[in-house]
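Here is the naming used below: chain letters follow the sequence lines, and residue numbers restart at 1 for every chain.
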Number of protein chains: 2
Amino acid sequence: MATIKDVAKRAGVSPSTASRAMHGSKVISKPTRDKVIKAARELNYAPDFNAQNLATKASNTIGVVLPVDHHEIFSNPFFLEMIRGINEVCSKNGSMTTLATGISSDELVHNIDVMIAQGHIRNFILLYSEKNDPVVERLNHFDVQYVIIGKPYQEVNKTSYVDNDNVQAGTDAAQYLVDRGHQRICFLYSDLSKMVQGDRMLGYQRTMMQHQLPSILLEARFEDHASGVKSMKHFFEQYPDVTGFVAVDDMMALKLQQVLHNDPEWKVKQFSLIGFNNSIFSELAHPTLTSVAVFPQRLGEEAAKIVMTDRPAEELSTAVIVPHQIVTRHSVHPIRSLK
Amino acid sequence: MATIKDVAKRAGVSPSTASRAMHGSKVISKPTRDKVIKAARELNYAPDFNAQNLATKASNTIGVVLPVDHHEIFSNPFFLEMIRGINEVCSKNGSMTTLATGISSDELVHNIDVMIAQGHIRNFILLYSEKNDPVVERLNHFDVQYVIIGKPYQEVNKTSYVDNDNVQAGTDAAQYLVDRGHQRICFLYSDLSKMVQGDRMLGYQRTMMQHQLPSILLEARFEDHASGVKSMKHFFEQYPDVTGFVAVDDMMALKLQQVLHNDPEWKVKQFSLIGFNNSIFSELAHPTLTSVAVFPQRLGEEAAKIVMTDRPAEELSTAVIVPHQIVTRHSVHPIRSLK
DNA sequence: AATACTTATGCAATCGCTTGCAATAATGTT
DNA sequence: AACATTATTGCAAGCGATTGCATAAGTATT
């Protein structure tokens with residue numbers, strides 16, 4: 001493995017000159033710069049990561065924090081796409097990404113503590129936003145910079161984040177159903193402690209209000225089929241005239257679809273259904289699921305970009321909104337034709 | 001951030017003593033060891049990652065290599081679960097994991113080259129096994145240790161790997177259908193350049209042979225619905241009496257299911273279907289999908305364990321086989337009752 | 001009590017790179 | 001030609017850890 005001394009020797013200069021040359025320092029003359037760069041290339045030189053970081057005291061790795069495992073979360077392809085987006089941008093900028101995971105909240109926090117203490121993480125990216133997140137507390141406490149993917153709960157103005165406009169997305173999804181003649185539309189969610197679910201619900205409610213239609217909310221987890229059937233039975237007793245559902249994400253939508261499809265009576269009713277995330281699930285569902293695409297890879301990229309441009313601490317935080325887009329498939333049945 | 005000097009000062013010893021004490025060196029007396037450890041704890045000390053690695057020349061991060069992006073692969077939750085398994089084990093051992101991704105094969109290889117040159121990756125874990133993988137070539141060339149999740153193509157005896165017994169899994173899946181009275185069973189796959197697909201196919205064929213039943217192979221990608229319908233139409237013309245399918249993975253199975261379900265004629269036939277991976281898809285399908293579970297998290301953990309125990313170079317490579325298990329759901333319909 | 005042996009600690013070099021400052025070379029000014 | 005500037009380069013000190021070797025302290029041996 002070639003060191004900077006090797007490069008220097010080959011170029012006939014001192015290590016310091018070599019270092020400066022390769023960093024494009026203005027103060028080095030063109031001929032020597034060229035010599036050095038040539039030598040470096042010939043030796044296939046890359047600066048030692050650890051040595052460089054040690055010397056500059058500026059670490060170059062980004063810590064990507066995954067949410068504490070709920071089975072559901074982890075099997076959600078969403079995250080991997082965000083990670084890919086982050087990693088693409090980072091590696092183009094010569095940074096590494098490293099992951100922080102944990103089976104419990106305590107474990108995750110502990111792992112992050114260690115990472116901070118080791119002092120080689122430049123910045124964190126949180127792939128989720130949760131109420132009272134102990135991780136966020138930790139990061140604030142140690143005064144470590146971070147970017148959230150999702151809308152922050154605390155210190156919104158001081159925290160950089162990347163998100164979809166989930167309120168708008170919720171509005172649009174509901175509007176999509178309304179436009180196709182649906183009047184009784186239910187919003188289906190599972191956990192309001194997630195910012196994203198709350199936002200989408202808000203958007204849904206906005207549309208309902210605008211059209212003077214009732215907001216019908218249903219919290220359900222569909223943990224198993226029987227319980228799903230039961231809660232839907234209960235639901236339809238209360239709201240027999242519901243024709244459409246806005247599900248807080250595709251997985252939720254699919255679970256509902258499953259329940260509805262399995263009951264001959266419900267099945268014929270051809271309920272309309274729209275989900276969020278445009279995940280692979282939506283393509284594989286039957287019927288295929290109309291869904292609001294949110295471009296997770298893009299979210300990751302933007303988050304990484306924010307992290308890469310290190311702005312001074314006193315500067316205002318950045319917020320990037322990634323647009324969404326409804327992808328039409330076959331789960332929505334118009335009650336009347338579009339005007 | 002506390003350094004080792006701070007710890008040393010507080011404990012009233014020299015940095016070298018502090019270092020040795022914290023590494024449990026035999027040569028340090030119990031009382032000083034205790035003093036040092038106490039001081040370290042009080043200062044919340046953790047050795048600087050970069051400094052430590054630089055001094056010991058032994059890096060502590062594991063590079064996790066994701067396959068080059070095909071949309072399909074990246075939206076497969078499988079990978080995230082493996083990553084989580086790896087990360088759990090690594091962080092328990094004080095290691096970091098860092099990701100290598102790439103949009104193209106060239107980019108991926110380049111990223112890996114850089115990582116190797118920077119010299120701070122101790123080991124790589126490849127999350128896939130592909131024919132003629134340029135990454136493997138690279139790693140061999142630079143003599144970097146790595147573990148493959150999946151069965152290696154080259155130098156099988158010299159390469160450590162973790163895998164399911166996919167041949168056996170294929171055998172079992174086919175047997176499952178045979179046991180339930182199916183005689184004409186088709187194996188459905190998409191890409192034989194993946195080791196895993198070849199293995200499962202082999203297993204399927206073994207069962208077919210044993211029962212003197214014909215092997216019926218179908219390569220398809222179901223890229224869009226129309227093409228899916230077309231190829232199945234073609235298929236059934238040739239093999240009208242097929243009643244069961246072994247699909248090479250759940251996604252494949254779901255795509256088939258979709259095609260079959262959408263055609264009224266095929267639908268009534270109630271084909272039987274078994275997939276692999278027991279991914280979340282299988283729970284969300286309709287009907288729910290019987291699938292061979294392969295425990296990706298476990299695969300990740302085992303791979304990480306291998307990497308963590310650094311054995312001398314001349315030692316034989318390790319291979320760990322993670323068991324699989326058929327998870328019964330509702331996509332298989334017995335033709336006759338089980339004897 | 002002087003010597004030999006352990007045992008426990010500290011000194012100082014090292015890992016590979018960066019960077020402030022001093023030294024040298026190149027150029028311009030009078 | 002002598003001096004003042006400015007443009008280039010090199011020296012050497014760190015960054016925070018580890019580790020071989022020398023030293024100091026403690027115990028045993030005679």
Between B:K38 and B:D34, does any NZ, NE, NH1 or NH2 come within less than 4.0 Å of an OD or OE carboxylate oxygen? no

Expected string for nucleotides 17-22 of chain D under the B/S/- scheme (protein heavy atoms, under 4.0 Å, primed atoms plus P, OP1, OP2 as sugar-phosphate) is BSBB--

Take A:S16 and A:S19 through the test side-chain hydrogen bond (donor to acceptor under 3.5 Å, both in side chains) and record every step on the way to the result. CA-CA 5 Å; A:S16 39; A:S19 170; over 6 Å; no

Of A:V147, A:I86, A:V89, A:T97, the one forming a side chain to side chain contact (heavy atoms under 4.5 Å, CB included) with A:V307 is A:V147

Identify the pairs formed between an N or O of the protein and an N or O of nucleotides 4-7 of chain D at a distance under 3.5 Å, and give each distance.
none

Look at the side-chain N and O atoms of A:S29 and state whether any lies under 4.0 Å from the OP1 or OP2 oxygen of D:dT9. yes

Of B:S14 and B:L54, whose closest DNA chain C nucleotide lies nearer the 5' terminus? B:S14

Any chance you could measure B:I149, atom CD1, to B:E302, atom CD, to the nearest 0.5 Å? 10.0 Å

Do B:V36 and B:V7 have side chains that approach each other closer than 4.5 Å (heavy atoms only, starting at C-beta)? yes

Approximate separation, where rounding is to 0.5 Å, of B:R122 CZ and B:Q145 CD: 10.0 Å

Would you mind reading off the distance between A:F49 atom CZ and C:dG16 atom P, rounded to a whole angstrom? 16 Å

What is the distance from NZ of A:K26 to P of D:dT8, rounded to the nearest Å? 9 Å

Taking atom C1' of C:dT18 as reference, at what distance in whole Å does atom CD1 of A:I28 sit? 13 Å

So A:V162 and A:I125, do their side chains get closer than 4.5 Å, heavy atoms only? no

Less than 4.0 Å between a side-chain N and a carboxylate O, is that true for A:E301 and A:K305? no

Once you round it to whole Å, what is the distance between C1' of C:dG16 and CG of B:N50? 12 Å

To the nearest angstrom, how far is A:L43 atom CG from C:dG16 atom P? 14 Å

Rounding to an integer number of Å, can you tell me how far B:K35 NZ sits from C:dA8 P? 13 Å

A:K57 NZ to D:dA13 C1': how many Å, rounded? 16 Å

Interatomic distance, B:K9 NZ vs C:dG10 P [rounded to whole Å]: 14 Å

Distance check, rounded to the nearest 0.5 Å: B:K194 atom NZ versus B:E130 atom CD? 3.5 Å

